[in-house]
Amino acid sequence: MKRTGKKTATDRNFVVALSRGLDVLRAFHPSDGLLGNQEIAARTNLPKPTVSRLTYTLTKLGYLTPVPRFEKYQLAPAAMALGYAALANLGVRHLSEPFREEMMRATGGAVAIGGRDRHSMIYFGQSRGSETVGVQLDVGSRVPIATSAMGRAYFWALDEDGRAEVSRVLREHYGSRWPKMRDGLERSGETVAKHGFAISVGDWHDDIGAAGVALRLNDGTGPYAFNCGAPAFRFTEERLINDIGPRLLAMVRNIEAALGGLMPQSKKEVSKKLKSGGKVARVAEGFR
């Protein structure tokens, strides 16, 4: 996790202390359990003395629970209540559940919906059956924007300014690894323009194949994105292109219709994203 950028930190309306406190809470992942100040400092790039003060304050406020025996902390109910409140307000999560369940049964893949959190997509809805034992992800899990089908679909649903901003965040996060990831993200845009969905076969995880489709709403929220994934030997590139992707696209468009969302982009609108020769235009500083 990166520290707050200089431009943001010098914004007079930006409260750096609050930002750092939230960074501490973000440091806890679903599979962690307990974290100590040193581990939190490593994940947030904050000085350990600063982390110590923040964990003390968050403990006093009821967002962290200290475990003195191990000199570590765990998220307290107050912190979890924020997450549950957010989930309760996401009507798309509840409305999409029967669609996700039907897709899961029809394809044997795990089907999830997620939204962006910095350089990742975070799951807030997941449907998984017995056939998807190789996909060990659940609500709260994160997948990278640059290499996952869900993240790629989300990225190409953004407008040019949005893609430029996300590209900047990804470049700062990945550093020297960004050029290779950028190339894969760019190629995925050609797939989205041609088929309406993104795919990832071994790009994020060697053994996972997945398709991703963005969900666009007209209420100012999102975009969000869905994916459908399974072990790569079952969800090959050919099957993703010819079967899973089209099914997922139809599912998401039905959800958009049910939610009163936007209609799919026309071929003319999509083609504006392409250069002559069929290459996706690189956007702003992240692709330069």
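Contact of the I244 side chain with the F197 side chain is not registered, since no non-hydrogen atoms from C-beta on lie closer than 4.5 Å. A 4.5 Å side-chain heavy-atom check between F235 and V201 finds every atom pair outside the cut-off. The shortest distance between side-chain heavy atoms of K180 and Y174 does not fall below 4.5 Å. Contact of the F155 side chain with the S188 side chain is not registered, since no non-hydrogen atoms from C-beta on lie closer than 4.5 Å. Side chains of L95 and I255 form a contact here, defined as non-hydrogen atoms less than 4.5 Å apart. The shortest side-chain heavy-atom distance between D23 and N45 does not fall under the 4.5 Å cut-off. Contact check for Y73 versus L35: no side-chain heavy atoms found under the 4.5 Å cut-off. Contact annotation: the side chain of Y123 never approaches that of D138 to less than 4.5 Å [non-hydrogen atoms, C-beta and beyond].
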From CA spacing to verdict: side chain to side chain contact (heavy atoms under 4.5 Å, CB included), T44, T50: CA-CA 11 Å; T44 60; T50 299; over 6 Å; no
V252/Y224 under side chain to side chain contact (heavy atoms under 4.5 Å, CB included): CA gap, chis, key distance, verdict: CA-CA 10 Å; V252 174; Y224 304 111; over 6 Å; no
Verdict with supporting geometry, F226 and F99, ring-ring contact (aromatic ring centres under 6.0 Å, His included): CA-CA 11 Å; F226 287 84; F99 293 89; 8.8 Å; no
Audit row: M181, R171, side chain to side chain contact (heavy atoms under 4.5 Å, CB included) steps and yes/no: CA-CA 9 Å; M181 291 183 167; R171 186 187 63 198; over 6 Å; no
Working for side chain to side chain contact (heavy atoms under 4.5 Å, CB included), residues L64 and Y56: CA-CA 9 Å; L64 292 180; Y56 173 83; over 6 Å; no
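Residues T55 and N37 have side chains that bring a donor and an acceptor to within less than 3.5 angstrom of each other.
Ion pairing between a basic and an acidic side chain is recognised when a charged N comes within 4.0 Å of a carboxylate O; R168 and E165 show such pairing. The pair D183-R187 fails the salt-bridge criterion, with no side-chain N (NZ, NE, NH1 or NH2) lying under 4.0 Å from an Asp/Glu carboxylate O.
Listed for the S200 side chain is a donor-acceptor partner under 3.5 Å among the backbone atoms of T147. The main-chain N or O of A110 is never found under 3.5 Å from a side-chain atom of R128 such that the two would form a donor-acceptor pair. Of the possible polar contacts, none joining the E71 side chain to the G36 backbone as a donor-acceptor pair under 3.5 Å is found. Without hydrogens or angle criteria, N242 side chain to E238 main chain gives a donor-acceptor distance under 3.5 Å. Judged by distance alone, the side chain of E172 and the main-chain N or O of V169 form no donor-acceptor pair under 3.5 Å. Looking only at distances, a side-chain donor or acceptor of R43 sits under 3.5 Å from a matching main-chain atom of A27. The closest donor-acceptor contact from the side chain of R26 to the backbone of D117 lies at 3.5 Å or more, if one exists at all. Looking only at distances, a side-chain donor or acceptor of W156 sits under 3.5 Å from a matching main-chain atom of L185.
Residue G245 comes nearest to A211 through the heavy atom pair CA-CB, 3.9 Å, listed as atom of the first residue, atom of the second, then distance. Listed here is the closest heavy atom pair of C228 and L248: N-CD2, 4.0 Å. What you find for V111 and Q126 is that their closest heavy atoms are O-OE1, 3.0 Å.
Atom CG of L54 sits about 10.0 Å away from atom CG of L18, to the nearest 0.5 Å. The structure places CD1 of I199 at 13.5 Å from CG of N227, a figure rounded to the nearest 0.5 Å. For the atom pair L240 CG and R234 CZ, the distance stands at 11.0 Å (nearest 0.5 Å).
Counting heavy atoms of neighbouring residues, nucleotides and ligands inside a 6.0 Å radius, atom CZ of F28 exceeds 12 of them. More than 12 heavy atoms of other residues, nucleotides or ligands shown are found within 6.0 angstrom of CD on E101. Within a 6.0 Å radius of CD in E39, other residues, nucleotides and ligands contribute more than 12 heavy atoms.
D203 meets the side-chain hydrogen bond (donor to acceptor under 3.5 Å, both in side chains) test with R152; sequence neighbours excluded. For R100, the side-chain hydrogen bond (donor to acceptor under 3.5 Å, both in side chains) partners are S96, S127, not counting sequence neighbours. With sequence neighbours excluded, no residue forms a side-chain hydrogen bond (donor to acceptor under 3.5 Å, both in side chains) with S148.
Using the six-membered ring where Trp is involved, H173 and H119 have ring planes that are parallel, under 30° apart on the 30 and 60° scheme.
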